[in-house]
Amino acid sequence: MSDPLHAVREAALALPFPELVVALDFLRFRDPRRYDPYLYVSPGDLARSVTEVTGRGAVRFRAAVALAREGAESRMETLMRLAGARAGMPELRLQAELHDAEGRWIGRFDAVDDKTRSAFEYDGEQHHTSRRQRRRDPRKHQAARDAGWRLMVFYQENLLDDPVGAGRRMLSFSGRPGQPVRPSLARLLDERSGDGTESAVPFTGFGVQHDPLR
């Protein structure tokens with residue numbers, strides 16, 4: 001097991017389960033601009049880690065690996081995805097490139113449900129501190145609506161204060177029937193750190209698949 005994965009494995013009992021998935025999503029983050037390529041973990045390394053891990057925390061670690069995905073650019077994007085998973089949302093397409101009927105590029109969205117044409121965005125601090133992004137976001141969002149997409153935007157307090165409610169809103173907004181979530185997985189996803197801090201190693205870049213624990 002590579003050193004970054006070993007560190008996450010060692011933290012499996014200390015971290016709230018959603019934060020364990022956040023850490024694994026970070027290791028799966030692929031970007032040539034990444035400040036430390038050593039922190040990237042390939043899907044093959046991740047799959048091998050599941051067969052190698054034993055002892056206390058192994059079950060939690062395997063469950064987190066099953067939920068880890070490539071595509072989240074921040075802790076909050078992962079928590080948004082996990083809120084949907086907790087409510088029984090089907091797999092979402094991450095970092096989705098949307099185009100209008102004429103093939104013109106609209107923009108990239110954090111997560112989308114293609115079947116219901118529902119898009120979900122996390123509105124983080126950079127959306128307010130960057131003048132360019134403040135001007136770009138309304139145009140992107142309106143273009144998506146004009147192309148027939150429905151858009152739901154989440155803020156930090158939505159995902160930290162009431163993640164269960166956020167997931168239910170995602171489900172209701174999409175019109176999807178919720179898929180059953182296995183009680184053992186629901187208990188893991190309900191774990192909370194009890195604070196509003198951001199990751200100490202922030203993303204600077206760029207669904208759940210059907211979970212075997214369900």
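Residue numbers run from 1 in the order of the sequence given. Excluded from the calculations below are hydrogen atoms, water molecules and symmetry mates; all remaining heavy atoms, backbone and side chain alike, are included.
Here the straight-line distance linking atom OH of Y40 with atom CG of D45 works out to 8.5 Å at 0.5 Å rounding. Here L39 contributes atom CG and R28 contributes atom CZ; the two are 15.5 Å apart, rounded to the nearest 0.5 Å. Rounded to the nearest 0.5 angstrom, R117 CZ and L98 CG are separated by 8.0 Å. We find the CG-CG distance between L67 and L185 to be 5.5 Å, quoted to the nearest 0.5 Å. One finds the CD atom of E191 at 8.5 Å from the CG atom of L189 (value rounded to the nearest 0.5 Å). Atom CG in D123 sits 6.5 Å away from atom CG in D137 (nearest 0.5 Å).
For the residue pair R192 and P18, the shortest heavy atom distance occurs at NH1-CG, 3.3 Å. Of all the heavy atoms in L94 and E70, the pair that sits closest is CD1-O, 3.8 Å. The shortest non-hydrogen separation linking A85 to V181 is O-CG2, 3.5 Å. The shortest non-hydrogen separation linking V53 to V50 is CG1-O, 3.5 Å. Summarising the geometry of F109 relative to A144, their closest heavy-atom pair is CZ-CB, 3.6 Å, with the distance given to 0.1 Å. Of all heavy-atom pairs between M80 and A111, the closest is CE-CB, 4.4 Å.
Remark: side-chain polar atoms of R60 are paired, donor with acceptor, to backbone N or O of L15 under 3.5 angstrom. For the pair R150 (side chain) and T116 (backbone), a donor-acceptor distance under 3.5 Å is absent. Under a 3.5 Å cut-off, the side chain of E121 and the backbone N or O of D110 do form a donor-acceptor pair.
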Would you mind writing out the side-chain donor-acceptor pairs for residues 163-174 within the sub-3.5 Å range, not counting sequence neighbours?
unit_1	atom_1	unit_2	atom_2	d
S174	OG	M170	O	3.3
S174	OG	L171	O	2.9
S174	OG	R176	N	3.1

*Decide yes or no on side-chain contact (heavy atoms from CB on, under 4.5 Å) for R81 and T78, but give the supporting numbers first.*
CA-CA 5 Å; R81 176 172 65 83; T78 294; 4.0 Å; yes

*Apply side-chain contact (heavy atoms from CB on, under 4.5 Å) to the pair F61 and V8, showing each step before the final yes or no.*
CA-CA 8 Å; F61 181 77; V8 174; 4.2 Å; yes

_Show, in sequence, the C-alpha distance, side-chain angles and deciding distance for L5 and L24, and conclude whether the side-chain contact (heavy atoms from CB on, under 4.5 Å) test is met._
CA-CA 8 Å; L5 273 178; L24 290 171; 3.8 Å; yes

*For D25 and E77, what are the C-alpha separation, side-chain angles and deciding distance, and is it a side-chain contact (heavy atoms from CB on, under 4.5 Å)?*
CA-CA 10 Å; D25 276 6; E77 287 181 27; over 6 Å; no

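Cluster annotation: L151 and Y155 are assigned to the same hydrophobic cluster (Ile/Leu/Val/Met/Phe/Trp/Tyr, side-chain heavy-atom contacts under 4.5 Å, transitive).
Within the 4.5 Å cutoff, the side chain of S49 has heavy atoms near those of the L46 side chain. Within the 4.5 Å cutoff, side-chain heavy atoms of Y122 are placed close to those of Q156.
In summary, D190 and R187 do not engage in a salt bridge, as defined by a charged side-chain N under 4.0 Å from a carboxylate O.
With sequence neighbours excluded, the residues satisfying side chain to side chain contact (heavy atoms under 4.5 Å, CB included) with Q142 are R145, D146. Applying the salt bridge (Lys or Arg N to Asp or Glu O under 4.0 Å) criterion to D161, with sequence neighbours excluded, gives no partner residue. Residues that satisfy the salt bridge (Lys or Arg N to Asp or Glu O under 4.0 Å) test with D114, not counting sequence neighbours, are R93. Not counting sequence neighbours, the partners of D100 by the side chain to side chain contact (heavy atoms under 4.5 Å, CB included) test are E102, R104, I106, A147.
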